[in-house]
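What follows is a single structure, written as structure tokens, with notes after it.
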Number of protein chains: 2
Amino acid sequence: MSHAPAIRTRGRPLATAEQDVRASLLDAALVRFAERGIAATSMAQIAKQAGVTPAMVHYYFSNRDRLLDALVEERVAPLIEQVWTATDDEVADPRLLLQGVIARMIAGVASRPWLPPLWIGEILNESGLLRARLFARLPLPRLRALAESLGALQARGDLHPDINPQLVFVSVLGLAMLPFAAAGQQRRLPIGLTLEPDAVARHATALLLHGLRPAPR
Amino acid sequence: MSHAPAIRTRGRPLATAEQDVRASLLDAALVRFAERGIAATSMAQIAKQAGVTPAMVHYYFSNRDRLLDALVEERVAPLIEQVWTATDDEVADPRLLLQGVIARMIAGVASRPWLPPLWIGEILNESGLLRARLFARLPLPRLRALAESLGALQARGDLHPDINPQLVFVSVLGLAMLPFAAAGQQRRLPIGLTLEPDAVARHATALLLHGLRPAPR
DNA sequence: AGATTAATTAACGATATCGTTAATTTCAAG
DNA sequence: CTTGAAATTAACGATATCGTTAATTAATCT
């Protein structure tokens, strides 16, 4: 499954292979958390996935809470930062911003299969175990600004009155992230469809901007 | 939290109160599964939530697997059936059908707070523990028919070419169900928004049909 | 070289969990 | 009334899990 296990013996290992155990524990945790959920994953399972003993988790992270802290700090938060790093064009036009956010989100997903289940299950979900930790790091001002620019569009009559600007970002997650959570590592939906990241990005963008209407013009 | 506990004593209880223990075990399971996930919920926790001893779960359902079977059979499948029971009008026009499906979905959610987290986490999610059980009962023909009518629209140029008809139903779940999973029992999003079922239905429908564009005409 | 520090596995004890069985009580049928 | 079936709690034993400590080995510093 993961890297070559290379029989581990008691005592400090030789410095030959550049095996960063701490990093591989974080990776292992992400894999298992994405697969079975945080609450259902034991420390021992993480250690096993990483090919080390449970005591290593204690050695590097002291306890479960600190492991979660490290995960958020080192793996998840940087991604959120990246998704919300917008160009000036995007800041000026909420539709452009949404397009950019979707594109960066899905680009992030492509190289991080653990992201969608984790985001949906442990961050977005009310009782997700990363939610509180990540909430402090969310770019709330940007979310608010987005809702406000959409509200301005709406006031001008440039947006359907039934749309709720405050719900738009959750809708983006539903359109861009949820399909990947549903498809899993194999990127296949139960109906038999294979998910191409680019195609999902185009679909989500088109649906968000135009809905099920003809292409404009 | 739940009904009055009424001190239980050993032996068969008096037949006064009409307490359907089996039903209340199913309810309790749904509550806990929605809250912490199936994999992380022990039988004992379910029994405790229902106010009975763990042995009752064994008595009524034999084991965890059978409990899940009963849950799907008696609580979830009927709902799916209801959501997909469409009028003739809806069968003729995919946009109408989607509108109806969203309305019925959200109506179902209103009285069943456990539904959104369960659907998102245990059915839609790739490693969800109800997925395989429910898959056999999904109305696949209707899903396929929906995708096909949308494809027909698209071929006529009445639908943006970037839309993927096969992704539309997942998009519906993302728009109509995910917000409730994110808001939890309190129906409040972390940004402070309170979710009114009707408002969410209107938002999801508008976004799906028109996107972030002005209202037509 | 010697001493100290880093990294690792083995092993343990306390606690929790699962499924099951025995005991107990009430209901229902003859 | 009596007898058998239904419904329930208590209690148990096997197994797992968590976090921790001790032992062991390699690297690094002096």
Side-chain angles (χ1 to χ4, degrees), chain A residues 2-29 31-33 35-71 74 129, chain B residues 2-29 31-33 35-71 74 129:
Chain A
S2 56
H3 324 248
I7 348 94
R8 294 185 162 274
T9 164
R10 182 181 255 200
R12 182 171 182 159
L14 297 159
T16 51
E18 74 294 359
Q19 40 191 337
D20 185 344
V21 172
R22 206 188 105 98
S24 72
L25 277 173
L26 288 178
D27 289 339
V31 169
R32 301 307 297 248
F33 287 170
E35 210 169 290
R36 324 223 337 183
I38 296 182
T41 302
S42 74
M43 308 285 236
Q45 286 167 356
I46 296 171
K48 189 174 183 183
Q49 168 91 24
V52 297
T53 59
M56 296 307 300
V57 186
H58 180 248
Y59 182 73
Y60 282 107
F61 303 103
S62 299
N63 57 45
R64 190 192 197 73
D65 258 20
R66 299 258 197 95
L67 170 62
L68 294 183
D69 287 344
L71 227 50
E74 299 172 34
L129 295 179
Chain B
S2 54
H3 325 249
I7 347 94
R8 294 182 164 275
T9 163
R10 183 180 253 198
R12 183 171 180 159
L14 298 159
T16 52
E18 77 294 1
Q19 41 192 336
D20 185 344
V21 171
R22 207 188 105 97
S24 72
L25 277 173
L26 288 179
D27 290 338
V31 169
R32 300 306 297 246
F33 287 170
E35 209 170 292
R36 323 223 336 182
I38 295 181
T41 301
S42 74
M43 308 285 236
Q45 285 166 358
I46 296 171
K48 189 173 182 185
Q49 169 91 26
V52 298
T53 58
M56 296 308 300
V57 186
H58 180 249
Y59 181 72
Y60 282 107
F61 302 102
S62 299
N63 57 45
R64 189 192 197 75
D65 259 19
R66 299 259 197 94
L67 170 62
L68 294 183
D69 288 342
L71 227 49
E74 300 172 34
L129 296 179

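Computed over heavy atoms, backbone and side chain alike; hydrogens, waters and symmetry mates excluded. The structure displayed is predicted, hence computed values, not measured ones. A, B, ... follow the sequence lines: proteins, then strands. Residue 1 opens every chain.
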[X], nearest nucleotide to its side chain (from [options]):
X	options	answer
A:Met43	D:dT8, C:dT9, D:dG19	D:dG19
B:Met56	D:dT8, C:dA7, C:dA10	D:dT8
A:Thr53	D:dA6, C:dA7, C:dT9	C:dT9
A:Arg64	D:dT8, C:dT8, D:dG19	D:dG19
A:Ala55	C:dT8, C:dT9, D:dT17	C:dT9
A:Tyr59	C:dA6, D:dG19, C:dC18	C:dA6

Report the distance from atom [atom1] of [X] to atom [atom2] of [N], rounded to the nearest whole Å.
X	N	atom1	atom2	answer
B:Asp20	D:dA7	CG	P	10 Å
B:Leu25	D:dT9	CG	C1'	14 Å
A:Leu68	D:dC18	CG	P	13 Å
B:Lys48	D:dT9	NZ	P	15 Å

Steps toward side chain to side chain contact (heavy atoms under 4.5 Å, CB included) verdict (B:Leu26, B:Phe61): CA-CA 10 Å; B:Leu26 288 179; B:Phe61 302 102; 3.7 Å; yes
Quick check on C:dT20: is either OP1 or OP2 less than 4.0 Å from any side-chain nitrogen or oxygen of B:His58? yes
Just to be sure I understand the rule, does A:Phe61 reach a base, reach only the sugar-phosphate, or reach nothing, if contact means heavy atoms closer than 4.0 Å? nothing
Students often get this wrong, so: under 4.0 angstrom with heavy atoms, is B:Ala44 touching a base, only sugar-phosphate, or nothing? sugar-phosphate
Please test A:Tyr60 against A:Leu67 for side chain to side chain contact (heavy atoms under 4.5 Å, CB included), starting from the C-alpha separation and ending with a verdict. CA-CA 8 Å; A:Tyr60 282 107; A:Leu67 170 62; over 6 Å; no
Could you walk me through whether B:Thr53 and B:Tyr59 pass side chain to side chain contact (heavy atoms under 4.5 Å, CB included), step by step? CA-CA 10 Å; B:Thr53 58; B:Tyr59 181 72; over 6 Å; no
Worked verdict on A:Leu71 versus A:Phe33 for side chain to side chain contact (heavy atoms under 4.5 Å, CB included): CA-CA 11 Å; A:Leu71 227 50; A:Phe33 287 170; 3.6 Å; yes
Look at atom CZ of A:Arg36 and say whether more than 12 heavy atoms of other residues, nucleotides or ligands are closer to it than 6.0 Å. no
With sequence neighbours excluded, what pairs up with A:Arg22 under the salt bridge (charged side-chain N to carboxylate O under 4.0 Å, His left out) test? A:Glu74
Given DNA chain D, 5'-ward residue of the pair B:Pro54 and B:Arg22, judged by closest heavy atom: B:Arg22
Pairs under 3.5 Å (N/O, protein and nucleotides 14-16 of chain C):
none

Residue among B:Arg64, B:Lys48, B:Met56, B:His58 satisfying side chain to side chain contact (heavy atoms under 4.5 Å, CB included) with B:Met43: B:Arg64
